[in-house]
Amino acid sequence: MSITAYTNARLMDPATGLDEIGTLTVEDGRIVAVGAAATTTGASHIVDCKGRVLAPGLVDMRAHQVDTDAAAAGGITTVILQPDQTTMIDTDAPVERIRRRAKDYSSVRVYPMGAATKGMRGEEIAEIGQMQEAGAVAFTDCRRAVANAQVLRRLLEYANYFGALIVQFPEESALAASGVAHEGEVATRLGLAGIPVMAEVIQIERDARLAEMTGSRLHFALISSAAGVEAVRAAKKRGAKVTAATAPHYLHLNENAVEGYRTFAKVSPPLRTEEDRKALIDGIKDGTIDVIVSDHDPRSEDVKRLPFAQAAAGISAFETLLPLALAPVHAGSLDLMTVLRAMTFTPAKLLGLSSGTLGVGANADLVIFDPAKPWRVDRSAFLSKARNTPFDTLPVQGRVWRTIVAGKPVYTGEPS
Amino acid sequence: MSTKSSDHDPYVRAEIAPPSGIAFPHKHLLGTWGLDPTTIQHLLDTADRYVDQNRRAKKTTAICAGLTQINLFFENSTRTLMSFEIAGKRLGMDTISMSTGTSSIKKGETLLDTAATLNAMHPDVLVMRHADSGAVKLLSEKMSCAVINAGDGRSEHPTQALLDALTIRRRKGRLHGQIIAISGDITHSRVARSNIYLLTAMGARVRLVAPPTLLPKDVDRLGVEVYTRMDEGLKDADVVMMLRLQQERMQGGFLPSLREYYQFWGLTRDKLAVAKEDVLVMHPGPMNRGVEIASDVADDFDRSAIEEQVEMGVAVRMACLDILTRNLREGGEA
């Protein structure tokens, strides 16, 4: 079998903390050697990384569409698909279909999350065991919290038997009501219905208690506020087995982004204040927030160019995930290894996947990127099906050079 | 501006020319947010002249003859629509009005398609009302003509704020320094928002008085004083502006009943006693008598300006139509 060697790379493995210049060799889709001491002996193909970072491919724990090409361009090698598909993923059949289709048509790995309750109605537990056997990696009602405490309790107890991870959307639906923006000065001035921060906090606090009561694992899909971070921090301190994620747009924008009724900045949960934005970065720093996701949600302009309250929420985010996540690194507020861990090793571990590491024997799912490379986001150059991004023309740093899945290049940036 | 005396109002009937000779430095009138005091002043001065014209026997001029005005109302309205229609006709415009009830324009068509359709008909002014905040701004981005916001969701209703300001200015002589209490459902009110932006820009002291459930979050950051008790909020007020209470607020759990609302926040003669002797009572209409306002207060000849507001409405809308179409008219007078 042919061996490929990636030389002169800054090898960064969040699983082990490895950070050194060296070589990584791949044979038969698996990593066979890694480190400064690794040699190119026997390699039929040598790729000079010229000092770029070589890390495990990104594991994006929250995407609403597979959008393979865009994922590969964003350095993502594993896409975790949300159950809110045209045919809802709430039984084993759609899980199998998606896994099969992904193997046939997708250059990146795709694992679906199943619905936590039947029809995502929050009333009855979905067939978690069967979906898990078919390949579902976690269970969630996606854009809705499981509101009924008794249902969630049973769900957590039941999922425990299967070792399955439950993912909760932290938003108390009665408080959020018909809100479309952060309840605060900007929404008040624009005359938009608001979603209070407490909608997030209350859901987190209640559910963390249920996680403690049942001894089960519970993951919060997206945290948007300082008080939300604090609630997760307190729950972790008490010993609750909770974890949490956020997305780069919450690290980059605040409520002012919706000024002028800009629907491209409409997301769920909503963008909050500057203090919240900073607290989220601090939350990643101290490990309160474990995971960074893209929350990739490609939407056609037909559903975006509408009055604010009617417009769909969501951002086409695969292709901006890495550079936006690197922004706090360049600003000096986070270190590169922490950010990489939140997008590789940690989500993989939570989902029970073997990827997210450069360990010998692991799948050769890799991303090679130049962390300092400056460029401008250009939505017209997106490979994604949709171009709904509030980041068009934004100057960013950090660009993917190669994305490799099972030893095969699936995205090639600039030539050398 | 002169600030020698706090009583001095630089914008009272100064009849100052608009800055750089431009009557209105915007293409559309989407809101009062961000309008500068001299622009507002000029709009009010112009409207003042139309008040006189409207009181004459011959009310119609032909200054806008040949121009087309479309009134597009996606939400039911009688008084605002009629006011805009009369305003247009008095300037000699060809006015066409459509509301969702009578037109087939909203058969699943998106707002931007509607905009493209209307734009192809080459109107010179589009007056629009819509139930969603920001909808008029969205549509204005696709229109080549001037767009006037006649109310969008809970966002803005600029001509209402202008007519309120004109009413106050004519009665009180000025806006600067006046204590103006706006009372009622602030959360869902576009009238309240437009008035807050305009009146604070003109140097008035704006107070909001409402039950806590009808005050939006962080509204104090808009440069207003916030009260929940009527006796405190109305104390020494020069003007009390009541807002219409929508009946559906009971279902939303904002209030327990109309009866209770009237007892604590309805404007009665007793509650009004703490205000200034010559307090002016206003209401954008249509009124719910016995809900937000007592009949004897609404009908108080000396203090109520409610009918005058309707009269000012026509004049203000004529001024807006006039000023927004000036660049189109012969001579291009500024």
Side-chain angles (χ1 to χ4, degrees), chain A residues 172-201 225 227 254-266 269-276 299-313 388 390, chain B residues 30-34 74-75 108-116 128-142 149 151-158 185-194 196-197 200 208 214-224 226 251-254:
Chain A
E172 206 284 315
S173 60
L175 266 183
S178 53
V180 293
H182 168 66
E183 185 176 286
E185 186 186 346
V186 175
T188 291
R189 180 155 52 71
L190 294 176
L192 296 172
I195 300 175
V197 164
M198 282 305 142
E200 181 166 299
V201 175
S225 68
N254 61 28
E255 58 180 337
N256 291 317
V258 305
E259 196 75 54
Y261 304 97
R262 285 183 66 213
T263 55
F264 277 26
K266 181 177 175 182
L271 298 169
R272 300 198 183 273
T273 66
E274 183 60 12
E275 290 71 46
D276 292 311
R299 295 284 189 161
S300 91
E301 307 215 339
D302 297 345
V303 295
K304 272 293 190 185
R305 297 208 186 276
L306 291 173
F308 199 89
Q310 289 177 30
N388 49 307
Chain B
L30 300 177
T32 56
W33 174 258
F74 288 101
E75 211 183 49
E109 190 179 55
T110 69
L111 205 54
L112 293 183
D113 288 337
T114 305
M128 177 177 164
R129 171 171 287 193
H130 197 281
D132 282 316
S133 301
V136 179
K137 180 187 180 288
L138 179 71
L139 185 123
S140 74
E141 286 162 6
K142 299 288 169 191
N149 182 358
D152 63 325
R154 44 174 101 164
S155 170
E156 285 240 37
H157 190 359
D185 182 357
I186 309 290
T187 298
H188 302 93
S189 176
R190 53 191 173 218
V191 174
R193 283 181 179 75
S194 284
I196 291 167
Y197 309 147
T200 53
L208 306 179
L214 295 176
L215 280 168
K217 185 104 193 303
D218 293 338
V219 73
D220 53 309
R221 295 198 195 164
L222 299 179
V224 296
V226 181
Q251 279 107 52
F254 293 94

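Given the structure is predicted, the values throughout are model-derived calculations rather than measurements.
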Problem - Side-chain ion pair, B/Lys217 and A/Glu183, N-O less than 4.0 Å - result: no
Practice task
Using a cut-off of under 4.5 Å on heavy-atom pairs, state which of A/Ala309, A/Pro196, A/Pro307 scores highest against chain B.
Solution key: A/Pro307
Fill in the blank from the handout: Here the gap from B/Arg154 atom CZ to A/Leu192 atom CG, rounded to the nearest 0.5 Å, amounts to 8.0 Å
Practice task
With a 4.5 Å heavy-atom cut-off (strictly below), which parts of residues 256-264 of chain A touch chain B? List them by number.
Solution key: A/Gly260, A/Tyr261
Handout entry: Heavy-atom closest contact (B/Leu138 atom, A/Leu306 atom, distance)
Key = CD2-C, 3.4 Å
Handout entry: Shortest non-hydrogen separation from A/Gly184 to B/Asp218 and the atoms involved
Key = CA-OD2, 3.3 Å
Fill in the blank from the handout: CZ of A/Arg305 to NZ of B/Lys142, rounded to nearest 0.5 Å, is 6.0 Å
Fill in the blank from the handout: Sequence neighbours excluded, the answer for ring pair (Phe, Tyr, Trp, His ring centres under 6.0 Å) partners of B/Tyr197 is B/Trp33
Handout entry: Distance-minimising heavy-atom pair for A/Arg189 and B/Arg193
Key = O-CD, 3.7 Å
Problem - Side chain, backbone, both or neither of A/Ala193 within contact of chain B (heavy atoms, under 4.5 Å) - result: both
Exercise for the section: Determine the option with the most heavy-atom pairs under 4.5 angstrom with chain A, choosing from B/Glu156, B/Arg221, B/Arg190. Expected result: B/Arg221
Practice task
State the CD-OG1 distance between A/Glu301 and B/Thr110, to the nearest 0.5 angstrom.
Solution key: 12.0 Å
